[in-house]
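Whatever order the structure lists ligands and atoms in, that order sets their numbers, starting from 1. Everything quoted here is computed from the prediction, not taken from an experiment.
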Amino acid sequence: MPVNYITIAIIMKFFRLSIYAVLFTALYFPFKSNAQGEKFLTVKINESKATVQPTMWGVFFEDINLGADGGIYAELVKNRSFEFSRPLMGWKVQQKLAKEGSVLVINRKEENASNPRFIRVVADHASRGDLGLTNEGFRGMGIKKELKYDFSVMYRQQSAGVKMHVELTDSAGKIIGAASLSPNEAGAGWHKASVSFIASATVLKAKMNVWIEGNGVIDLDMISLFPTDTWKNRPGGMRADMIQLLADMKPGFIRFPGGCIVEGFDLSTRYQWKKTIGPVEQRQLIINRWNTEFAHRPAPDYFQTFGLGFFEYFQLAEDIGAEPLPILNCGMACQFNTAEVVPLNELDPYIRDALDLIEFANGDVSTTWGKVRADLGHPLPFQLKMMGVGNENWGPQYVERLTAFTKAIKAKYPGFKIVNSSGTDPEGGRFDYLDGELRKMNADIIDEHYYRKPEWFFANARRYDNYPRTGSKIFGGEYAAQSDKTVSVNNKNNWLTALSEAAFMTGLERNADVVVMASYAPLFAHIDGWQWTPDLIWVNNLQSYGTPDYYVQKLYALNKGTKVVPITLNNDVVAGQDSLYASAVTDAAANELIIKIVNASARPQPTVINVQGAKKLASKGLATLLQSDDLNRVNSFDDPQKLSPKESAIVVKGNKINYTAAPYSFSVIKVQQL
Ligand code: AHR
């Protein structure tokens, strides 16, 4: 009988020993192998175990850690319409000759409830540098040499006669780009003025001055600055480097916009998609719940302008070839915060939002919401197939509300899939209750979240081997190994966390008949504005890099295959014996066998992989390796690819692949069938 390493590991964990105990155990109880220490693995290439869904490996975007404003939404001006709780947050009024009332914040709530505030500037023979406003950006503005920038402003002239001069400055105050514009539309209404200019230097944390010159009174709103190198060069678009990292993964789906963002601190701050579409100046800003969530990481300037709204999310999904997975509020606010619920007799507007969203995404242009989509520039449907109802909601209140949503959605759209919450944790009373209730309801897809230590990920590689094979499917909607503990500021995206996720994911892949989707969480973090670690991709104002966890996700997504085939060691799945983990798929289009192997031990592990059932294998294959002897290794802005995949050729002899899994490594082996 082979030693049961998982049991030993769990016992040692019980005694509060670390992952090193798991590795130590494996080292001192080597699994059965030959004199050379080779392990004999068997792949049965024609015995398909499951179909891998095209959605299998996706991404989860939430506006946390400056994910949207200050992140992928490329707007450089913070608080562009003066709607933050403090209207001049992010701005500094520049007024050389102190005159009361020269810059006034005016609130016209009765006239414009979604964008009530603007600035009135009274200029009295002002010269450049006398009177104006400076914006600090989101932890500064990232400016690139020789790139064109688009400045725009909405204005209303009370009395004509002023000019505007825009400048970008570096930290020493040196001007690195400037332009002037003359508002020339008179009359009572609002107009938009814009001007573009080229920056003369690259600066990580620039500022922007807007000087008012001359004589007159002018109202200003929506003061905006965008780089022109946005994703697909869309004006007012998204940061291309960040989106490129997503596109490079070829994710099967994108879940958005949260996360707890969907729930809100209370119901008034829940995410409401209808308020996030249409002209940006009409999208009503709200506080971002991560603004106040963590006393240890306060972010008083964190708001949601919704410049990135549901239309843009659908467009993004389409751009990167991912199925959209919107998550909607189910009538419950965050249960860690206020736990407010809407009474069942007032749930209808929430359900209406869900039904209207399906029509917005898929409806013919003759429908009310299909027409809205068409008017926004997308007459063709977005082909929405699924939607999440609730994020991490739990308890009977959730079941009651979910039941009402499900009934209404299925009545109108019978084939539409609903993603259902199983709460915050992958085990325990709340989880068991919801899992039971959801299975009784024959829920389409159950969303499980795991924020756990690396030990948990290693030990749970078999989690789904014994899940029911019929009924509800599983979505691993949010997971990330915590090098320290959940919400600790000390969590690192190190190689140990990534390796443990890679090991766990062999279990997801092996059980692709049950697990139909999975995504790491959270996706992005700004180095100067994060609230939560670990995160898949780190950014500053100019750069972005993938963590080791990112490369694990990417390797799975790029090598997802189409059918799962068995890979075994002594007739057992490879799930931790001697610290080895493995799964295998075939890819119909490329006619390839793809094997994933994790070696979580400190020594090389030679394997002989016997591929049974193959007509003929190519004599050469490709191995892509992520490896480091240092489990604490991380990537950084200085060395963004320190831990990144390396490719090498491998030799195949007949139906045998000899492959040595390097210490602490994740390998993807590809061999073509001829
Ligand atoms: O990913 C960060 C948060 O973790 C998500 O908002 C929430 O769903 C989970 O608790």
Where ligand 1 meets [X] - atom numbers and elements under 4.0 angstrom, heavy-atom basis:
X: G259; value: 5 (C), 6 (O), 8 (O)
X: W290; value: 6 (O)
X: P522; value: 1 (O), 2 (C)
X: N391; value: 7 (C), 8 (O)

So, does [X] use its side chain to make a donor-acceptor pair with the main chain of [Y] at under 3.5 Å?
X: D447; Y: N420; value: no
X: T276; Y: F310; value: yes
X: Y413; Y: K385; value: no
X: D630; Y: N632; value: yes

**Request:** State, without any angle test, whether N540 and Q543 hold a side-chain donor-acceptor pair at a distance under 3.5 Å.
**Result:** yes

**Message:** When you compare the side chains of D266 and T269, does any donor N or O come within less than 3.5 Å of an acceptor on the partner?
**Reply:** yes

Which protein heavy atom lies closest to [atom], and at what distance to 0.1 Å?
atom: atom 5 (C) of ligand 1; answer: E62 OE1, 3.3 Å
atom: atom 9 (C) of ligand 1; answer: E478 OE1, 3.0 Å
atom: atom 1 (O) of ligand 1; answer: Y451 OH, 2.9 Å

Min N/O separation [X] to ligand 1 under 3.5 Å:
X: E392; result: yes
X: C260; result: yes
X: W532; result: no
X: H449; result: no

**Item:** Considering all heavy atoms, the nearest I72-F524 contact
**Value:** CG2-CE1, 3.7 Å

**Request:** Sorted by first residue and then second, give each salt bridge (Lys or Arg N to Asp or Glu O under 4.0 Å) pair with at least one member in residues 57-71; sequence neighbours left out.
**Result:** none

**Asked** How does F336 reach ligand 1, by side chain, by backbone, by both or by neither, if only non-hydrogen atoms under 4.0 Å count?
**Response** neither

